[in-house]
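By convention in this document, chain letters (A, B, ...) are assigned in the order of the sequence lines, proteins followed by strands, and residues within each chain are numbered from 1.
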2 protein chains.
Amino acid sequence: MRGVFRIKSYSEFFHQFLLLYRPFENHLNIQLAKHDLYRAQWSILFYLYRNDSATLVELSNYQSVEKPTVTRTITRLEELGYVEQMPSKDRREKKMQLTLLGKKVYEDVRVTIDAFEQSILQGISEEDQLKAIRMMGEIRSNILEQGDK
Amino acid sequence: MRGVFRIKSYSEFFHQFLLLYRPFENHLNIQLAKHDLYRAQWSILFYLYRNDSATLVELSNYQSVEKPTVTRTITRLEELGYVEQMPSKDRREKKMQLTLLGKKVYEDVRVTIDAFEQSILQGISEEDQLKAIRMMGEIRSNILEQGDK
DNA sequence: AGGTAATGGTTATCCTAGGTAACTATATTA
DNA sequence: TAATATAGTTACCTAGGATAACCATTACCT
């Protein structure tokens with residue numbers, strides 16, 4: 001008897017994961033819409049704010065997204081005046097950084113997003129949050145390793 | 001000094017969450033492609049296998065997706081012969097269930113997905129998995145409550 | 001009971017954000 | 001120096017979301 005009717009935790013894990021993703025993305029986009037931004041754009045602002053600069057390939061690898069997708073999002077952010085190209089030795093690559101405006105906007109939006117994220121983490125202890133952060137990082141590594149590329 | 005340069009755990013939490021989503025979805029779709037399925041279809045098979053039957057509105061609420069999206073996916077699954085309508089008192093609603101073929105396919109795919117999910121959860125204890133499952137459920141509730149609907 | 005509300009579903013049309021294939025320009029390497 | 005690898009772009013396609021407007025049926029309210 002034992003085990004037969006128990007729901008397997010690994011399958012339940014990803015079930016919950018998918019079930020959380022959509023409402024999270026929906027509500028994140030509602031917050032971002034207040035600043036005329038979308039998730040894909042926000043992710044890049046986030047990365048550039050933290051890392052100061054990045055090439056398109058770097059962004060592509062980091063976000064597990066193909067280069068043309070990055071090109072498009074970066075083009076849009078350039079049009080908005082939030083990012084700009086900086087000089088680089090290697091003339092093939094396009095090294096991007098936030099403009100002053102881009103930094104300002106990021107910090108602005110950050111306030112909105114902080115409030116949102118804090119509110120929906122109500123009732124989850126910081127210890128648990130840190131544990132989950134570590135887990136998600138590990139799983140990501142597992143996936144990236146096994147898929148080779 | 002303290003706190004000023006520390007990365008806030010709530011913002012890191014969702015950063016990792018987004019960073020995990022894309023590679024997970026990519027690799028999930030690779031597994032599903034072996035059976036000519038997509039994530040959206042798989043999610044519905046999953047729900048119907050577990051709950052025996054569901055109306056389109058039920059699926060729509062459950063997955064936090066609008067009705068037309070569900071209509072489209074269900075139509076495709078009907079064409080594939082994996083789901084069928086069952087009689088219902090309320091003649092407005094379309095109550096769906098898995099066909100025999102649908103059940104068979106689900107169980108087949110389940111084997112593939114089990115292996116995949118287990119492999120990428122390497123190194124995460126079952127206790128931690130259960131903790132994360134609980135957390136994700138809570139966050140989801142928080143989001144759904146605050147957004148009213 | 002009859003008129004109005006609400007609910008379940010569909011159709012048409014749009015958009016985000018991803019993908020592939022094929023290409024150019026520049027660097028690297030054999 | 002020729003061949004190869006890398007960074008990025010362009011053109012085009014797709015999954016899977018969204019909205020708006022609609023029809024059919026049911027529930028509700030005087």
Side-chain angles (χ1 to χ4, degrees), chain A residues 18-33 36-45 53-80 83-96 147 149, chain B residues 18-19 21-33 35-45 53-80 83-96 147 149:
Chain A
L18 286 179
L19 230 44
L20 174 54
Y21 182 77
R22 187 121 300 280
F24 173 70
E25 191 186 30
N26 283 345
H27 283 72
L28 178 63
N29 273 327
I30 290 170
Q31 303 301 317
L32 291 175
D36 286 303
L37 278 178
Y38 291 99
R39 177 186 49 76
Q41 300 167 355
W42 170 246
S43 292
I44 287 184
L45 295 185
S53 74
T55 65
L56 301 213
V57 163
E58 197 178 334
L59 290 167
S60 157
N61 289 332
Y62 189 67
Q63 308 199 318
S64 302
V65 145
E66 296 302 319
K67 294 182 297 173
T69 305
V70 176
T71 297
R72 194 205 296 128
T73 310
I74 280 287
T75 301
R76 184 72 189 117
L77 288 172
E78 272 182 296
E79 284 166 9
L80 291 168
V83 304
E84 65 191 354
Q85 191 166 356
M86 58 192 279
S88 157
K89 252 174 274 180
D90 189 332
R91 282 165 54 206
R92 285 171 304 180
E93 65 183 20
K94 214 172 154 183
K95 198 163 197 166
M96 308 302 296
K149 98 143 230 226
Chain B
L18 286 179
L19 229 45
Y21 182 76
R22 189 122 296 283
F24 172 70
E25 191 186 31
N26 284 343
H27 282 73
L28 177 63
N29 273 326
I30 290 170
Q31 302 302 317
L32 291 175
H35 306 265
D36 286 303
L37 277 178
Y38 292 98
R39 176 186 49 75
Q41 300 166 356
W42 171 246
S43 292
I44 287 182
L45 295 186
S53 74
T55 66
L56 302 212
V57 163
E58 197 178 333
L59 290 167
S60 157
N61 289 333
Y62 189 67
Q63 308 199 320
S64 302
V65 145
E66 297 301 320
K67 293 182 297 173
T69 306
V70 176
T71 297
R72 194 205 294 131
T73 309
I74 280 287
T75 300
R76 184 73 188 114
L77 288 172
E78 273 182 297
E79 284 166 9
L80 290 168
V83 305
E84 65 191 353
Q85 190 166 359
M86 59 192 281
S88 157
K89 252 173 271 180
D90 188 333
R91 283 164 53 205
R92 287 171 303 180
E93 64 183 21
K94 213 172 156 184
K95 198 162 196 166
M96 308 301 297
K149 103 137 231 232

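- In this entry the distance linking CZ of B/R76 with C1' of D/dG17 reads 18 Å, nearest Å.
- When Watson-Crick and G-U wobble pairs are counted only if both distances are under 3.5 Å, C/dC23 pairs with D/dG8.
- Looking only at side-chain heavy atoms (C-beta outward), B/M96 and B/L56 come within less than 4.5 Å of each other.
- Remark: C1' of C/dG18 and OH of B/Y21 are 11 Å apart, rounded to the nearest angstrom.
- Applying the side-chain hydrogen bond (donor to acceptor under 3.5 Å, both in side chains) rule to B/E93 yields the partners B/S88; only residues at least two apart in sequence or on another chain are considered.
- The pairing partner recorded for D/dT26 is none, the criterion being a Watson-Crick or G-U wobble arrangement whose two distances lie under 3.5 angstrom.
- A/N26 places its CG atom 12 Å from the P atom of C/dA17, with the value rounded to the nearest Å.
- Summarising the geometry, the separation between CG on A/L28 and C1' on C/dA17 is reported as 14 Å, rounded to the nearest angstrom.
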Pairwise N/O distances under 3.5 Å, protein to nucleotides 7-10 of chain C:
| residue | atom | partner | partner atom | Å |
| --- | --- | --- | --- | --- |
| C/dT7 | O2 | B/R92 | NH1 | 2.9 |
| C/dG9 | OP1 | B/L56 | N | 3.4 |
| C/dG9 | OP1 | B/K94 | N | 2.4 |
| C/dG9 | OP1 | B/K94 | O | 3.2 |
| C/dG9 | OP2 | B/L56 | N | 3.3 |
| C/dG9 | OP2 | B/V57 | N | 2.6 |
| C/dG9 | N7 | B/K67 | NZ | 2.4 |
| C/dG9 | O6 | B/K67 | NZ | 3.3 |
| C/dT10 | OP1 | B/K94 | NZ | 3.0 |
| C/dT10 | OP2 | B/T71 | OG1 | 2.8 |

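- For the pair A/R91 CZ and C/dT24 C1', the interatomic distance rounds to 14 Å; values are reported in whole Å.
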| said: Please evaluate residues A/V65 and A/T73 with respect to the criterion side-chain contact (heavy atoms from CB on, under 4.5 Å), reporting the C-alpha separation (whole Å), side-chain torsions for both, the decisive distance (0.1 Å), and the verdict. | reply: CA-CA 11 Å; A/V65 145; A/T73 310; over 6 Å; no

Do any N or O atoms of the protein come closer than 3.5 Å to N or O atoms of nucleotides 14-16 of chain D, and which pairs are they?
| residue | atom | partner | partner atom | Å |
| --- | --- | --- | --- | --- |
| D/dG16 | N7 | B/R72 | NH1 | 3.4 |

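- Distance CG (A/L18) to P (D/dG17): 10 Å, rounded to an integer number of Å.
- A 4.5 Å side-chain heavy-atom check between B/L37 and B/L45 finds at least one atom pair inside the cut-off.
- We find that CD of A/Q63 is positioned 11 Å from P of C/dG19, with the value rounded to whole Å.
- Side-chain contact between B/I44 and B/Q63 is present, with heavy atoms from C-beta onward closer than 4.5 Å.
- Heavy atoms of other residues, nucleotides or ligands lying less than 6.0 angstrom from OH of B/Y62 number more than 12.
- Its glycosidic angle being more than 90° from 0, D/dA18 falls on the anti side.
- Residues B/L28 and A/L18 meet the side-chain proximity criterion, which asks for heavy atoms closer than 4.5 Å.
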| Do A/I74 and A/L59 pass the side-chain contact (heavy atoms from CB on, under 4.5 Å) test, and can you show the C-alpha distance, the side-chain angles, and the key distance before you say yes or no? | CA-CA 10 Å; A/I74 280 287; A/L59 290 167; 4.0 Å; yes

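- Taking the side chain as every heavy atom from C-beta outward, A/E25 and A/R39 approach each other to under 4.5 Å.
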